[in-house]
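Input: a single structure, listed below in C-alpha cells.
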Amino acid sequence: MDMFTMPAHCTVFKPVRAISLMILLLASVHSTALELSEQLDVSGFARVIAGYLDSEADNLNGYEDDLTLTEQSLIALQPSYAFSDQLSITGQFLAHSNPERESGTEWLYVSYQPSNHWQLRAGKMRTPFYTYSDSIDVGYSYHWITPPLQVYNNYLVPTFTGVSAAYNYAGRHFALHLEGFYGHFDGEIIQSGNRVDIKADVEDLRGIAAILSSNNLSLRLSYNTAINKTDVPQLHPLQQSLQQTGFSNSARSLDGDGRANFYQAALSYDHLSHFLKLEWTRAETELDLAPSLDGYYLTGGYLSGDWTVHFTYAASAYADVQAQQELQPLRNQPGNPLAELSRGYYQIFDSVPDGSLDSYTLGTRWDVRMNMALKAEVSYFTETSPRSGFFGTRFTTGAPQELDNKLNATLLQVGWEWVF
C-alpha cells in the first residue's frame with residue numbers, strides 16, 4: 001500500500017490525491033512565501049483534515065459514519081503583483097477536496113492605497129460578515145479545526161463582487177478599523193456543509209464593519225443587508241396551483257424574493273498565556289421560508305509554549321416558522337380535492353428548520369513550526385429543539401414523524417495546517 005492508498009472504508013476521492021501531491025511538491029520547493037520578483041510574490045496555505053461522525057443522523061457538516069479526508073482538506077495559492085507602492089492586484093485560487101464546494105478563484109481584486117490610512121479595493125472579495133470571514137479557509141489562523149457551525153456554517157454569501165473601502169487608525173491608546181463595501185453575489189448556496197440545489201442571486205449587498213482595539217481587548221461590530229432574488233424552481237408547480245385556486249397569500253409565502261439583514265458583534269481578549277472570545281450573529285429575512293436565526297459562541301484557551309488547549313460552547317436557535325393559515329381548514333379533509341394541495345403546502349413549512357442546537361468542543365493545537373500546526377478536536381452536538389437545520393438530509397428524506405426527534409452527534413477530527 002503506497003502513501004496515497006487508503007482503506008476501503010475511508011471516503012477519499014481523487015481531489016485528495018491531487019491536493020496531497022501539490023502539498024508535497026510545494027513543501028519540497030519552499031516553506032515560506034515565494035518572491036518571484038520585486039513586483040510578484042506568491043503565498044498560500046493548505047490543510048488536511050480527517051473526520052469521523054458518531055451519530056444516528058444522516059450527516060453533520062458533510063461528515064458521516066465513515067472516516068473521511070474530503071470534507072475540509074484544501075490547498076490555495078495567493079499571488080500578488082505590485083504595480084507600485086500604492087497599486088496592486090491580488091488573487092486567491094483554491095482547490096477543495098470536497099466535491100460540494102467549488103474550486104477556483106476565491107479572490108481577485110485590485111487594491112489602491114493612497115495613504116497609510118486608506119485602502120480601496122475592487123473585484124471579487126470575501127464578504128466581511130464575521131470575525132474570521134477573510135481567513136475562514138486558512139485553518140492556521142485560528143485555534144479550532146472547524147469554527148463553530150452555529151455561526152460560520154450559515155454563511156450563505158461567502159464572497160461578493162464589487163468595491164470596498166477601509167480606513168485604519170493606530171494611536172497610542174487604541175486602534176480603529178472601519179470598512180464598508182457594496183456589491184452583489186451570484187452563485188451556489190452551501191448550508192450545513194452541503195450544496196443546496198439553488199442558485200443564489202443577491203443584489204444591493206452592502207455593509208459596514210468597525211473594529212476597535214485597545215491593549216488586549218478588541219470589539220467588532222458589523223451590519224450587512226442585501227436583497228435576495230433567489231428563484232426556487234422546485235416550488236413553481238405548487239405556487240402555480242395555489243394561485244390558480246385563489247390562495248394567493250399562500251403562493252406569495254413561497255417566494256424567494258426579499259431583503260435580508262445580518263448583524264454581528266464580537267468581543268475578544270488575547271493574552272500571551274490565554275484568550276477569551278465571544279461572537280454573536282443574527283440573520284433576519286422577509287422570507288416566510290427563512291425564519292430569523294441567532295447564533296453565538298464563547299471560547300477560551302490556554303497557551304503553554306507551542307501548545308494550546310481550548311474549549312468552546314456554541315448555540316443557535318431559529319425563530320418559529322409562520323405559514324399562512326388560509327389552507328389549514330382543508331388539511332384534514334380527505335374528501336376535499338384541495339386537501340392534497342393543503343398538505344403539500346404545510347409539508348414544506350413543517351420541514352423548514354425552526355429548532356436549536358448546542359455544541360461543546362474540546363481541542364488542542366501544537367505549533368510544530370512557525371508556519372505549521374497539528375490539531376485534534378472532539379465536538380458533541382445536541383439538539384435542544386428538533387429541526388435545528390444542521391443534520392443535513394433528513395429534511396428531504398425523513399418521514400414526518402422523524403422530524404420531531406431530537407438528534408445528537410459526536411464529531412472527531414484531526415488536522416494539519418500549513419501556511420507558506
Verify the neighbour count for atom NZ of Lys229: are there more than 12 heavy atoms of other residues, nucleotides or ligands below 6.0 Å? no

Quiz item: Is the NZ or CZ atom of Arg282 positioned over Tyr263's six-membered ring, under 6.0 angstrom from the centre and within 45° of the axis?
Solution: no

**Asked** Side chains of Tyr318 and Arg387: closer than 4.5 Å at any heavy-atom pair?
**Response** no

So CH2 of Trp107 and CG of Leu94: to nearest 0.5 Å the spacing works out to 9.5 Å

Open item on the list: With heavy-atom distances below 4.5 Å as the criterion, would you say the side chains of Asn408 and Phe381 are in contact?
Closed with: no

Rounded to the nearest 0.5 Å, the CG atom of Leu254 sits from the CG atom of Asn249 at a distance of 11.5 Å

inquiry  = Given 3.5 Å as the limit, does a donor-acceptor pair link the side chain of Ser111 with the main chain of Arg121, or not?
reply    = no

Check your understanding: Run the side-chain hydrogen bond (donor to acceptor under 3.5 Å, both in side chains) check on Gln72 and Gln413 step by step: do they pass?
Key -> CA-CA 11 Å; Gln72 293 175 269; Gln413 292 178 291; 2.8 Å; yes

- Please determine if Arg365 forms a cation-pi arrangement with Tyr140, meaning its NZ or CZ atom is less than 6.0 Å from the six-membered ring centre and no more than 45° off the ring axis. yes

Checking Thr299 side chain against Phe311 main chain: does a donor-acceptor pair fall under 3.5 Å? yes

- Under the salt bridge (Lys or Arg N to Asp or Glu O under 4.0 Å) rule, what do Lys277 and Asp270 come out as? Steps first, then yes or no, please. CA-CA 8 Å; Lys277 301 177 186 292; Asp270 290 282; 3.0 Å; yes

Within the distance-only criterion (no hydrogens, no angle test), does the side chain of Thr285 pair as donor or acceptor with the backbone N or O of Ala290 below 3.5 angstrom?
-> yes

Are Tyr297 and Trp144 near enough that their ring centres are under 6.0 Å apart? yes

Review point. Is there a donor-acceptor pair under 3.5 Å between the side chain of Glu383 and the backbone N or O of Ser388?
Key: yes

### Basic-acidic side-chain contact under 4.0 Å: Asp137, Arg126
yes

Practice item. Compare all side-chain heavy atoms of Asn61 with those of Thr146 and state whether any distance is below 4.5 angstrom. Key: yes

* To do: Answer yes or no: is there a donor N or O on one side and an acceptor on the other, between the side chain of Glu377 and the main chain of Ile145, under 3.5 Å?
  => yes

**Asked** Do Tyr152 and Tyr130 have their ring centres less than 6.0 Å from each other?
**Response** yes

Under a 4.0 Å N-O cut-off, is there an ion pair linking Lys124 with Asp186? no

- request: Check for a donor-acceptor pair, side chain of Glu279 on one end and backbone N or O of Thr131 on the other, with a separation under 3.5 Å.
  value: yes

To the nearest 0.5 Å, atom CD1 of Ile136 lies from atom OG1 of Thr127 at 12.5 Å

Output for pair (His143 NE2, Thr361 OG1), nearest 0.5 Å, gives 9.0 Å

Any chance the rings of Phe275 and His310 have centres within less than 6.0 Å?
no

Aromatic contact, His177 with Tyr169 (centres under 6.0 Å)
no

ring-ring contact (aromatic ring centres under 6.0 Å, His included) filter on Trp280, not counting sequence neighbours, yields none

Quick note, ring pair (Phe, Tyr, Trp, His ring centres under 6.0 Å) partners involving residues 39-69, not counting sequence neighbours, are none

What do the steps show when you test Ser218 against Ser268 for side chain to side chain contact (heavy atoms under 4.5 Å, CB included), and what is the final call? CA-CA 5 Å; Ser218 178; Ser268 65; 3.4 Å; yes

Across all chains, not counting sequence neighbours, the ring-ring contact (aromatic ring centres under 6.0 Å, His included) partners of Phe160 are Phe181

- What orientation do Tyr345 and Phe349 show, parallel under 30°, tilted 30 to 60°, or perpendicular over 60°? tilted

Does Val157 reach the side chain of Leu205, with side-chain heavy atoms less than 4.5 Å apart?
yes

Can we say Glu417 and Arg47 salt-bridge, meaning some charged N sits less than 4.0 Å from an Asp/Glu carboxylate O? yes

- prompt: Regarding Asn261 and Asn224, is there a side-chain donor-to-acceptor distance under 3.5 Å anywhere?
  reply: no

CD of Gln328 to CD of Gln324, rounded to nearest 0.5 Å, is 11.5 Å

Q. Within the distance-only criterion (no hydrogens, no angle test), does the side chain of Thr382 pair as donor or acceptor with the backbone N or O of Asp358 below 3.5 angstrom?
A. no

Is Asp204 salt-bridged to Arg259, cutoff N-O under 4.0 Å? yes

Problem set entry | Output field: ring centroids Tyr167/His117 closer than 6.0 Å | yes

Classify the angle between the aromatic ring planes of Trp418 and Phe420 as parallel (below 30°), tilted (30 to 60°) or perpendicular (above 60°).
tilted

Separation between OG1 (Thr281) and CG (Asp294), nearest 0.5 Å, reads 7.5 Å

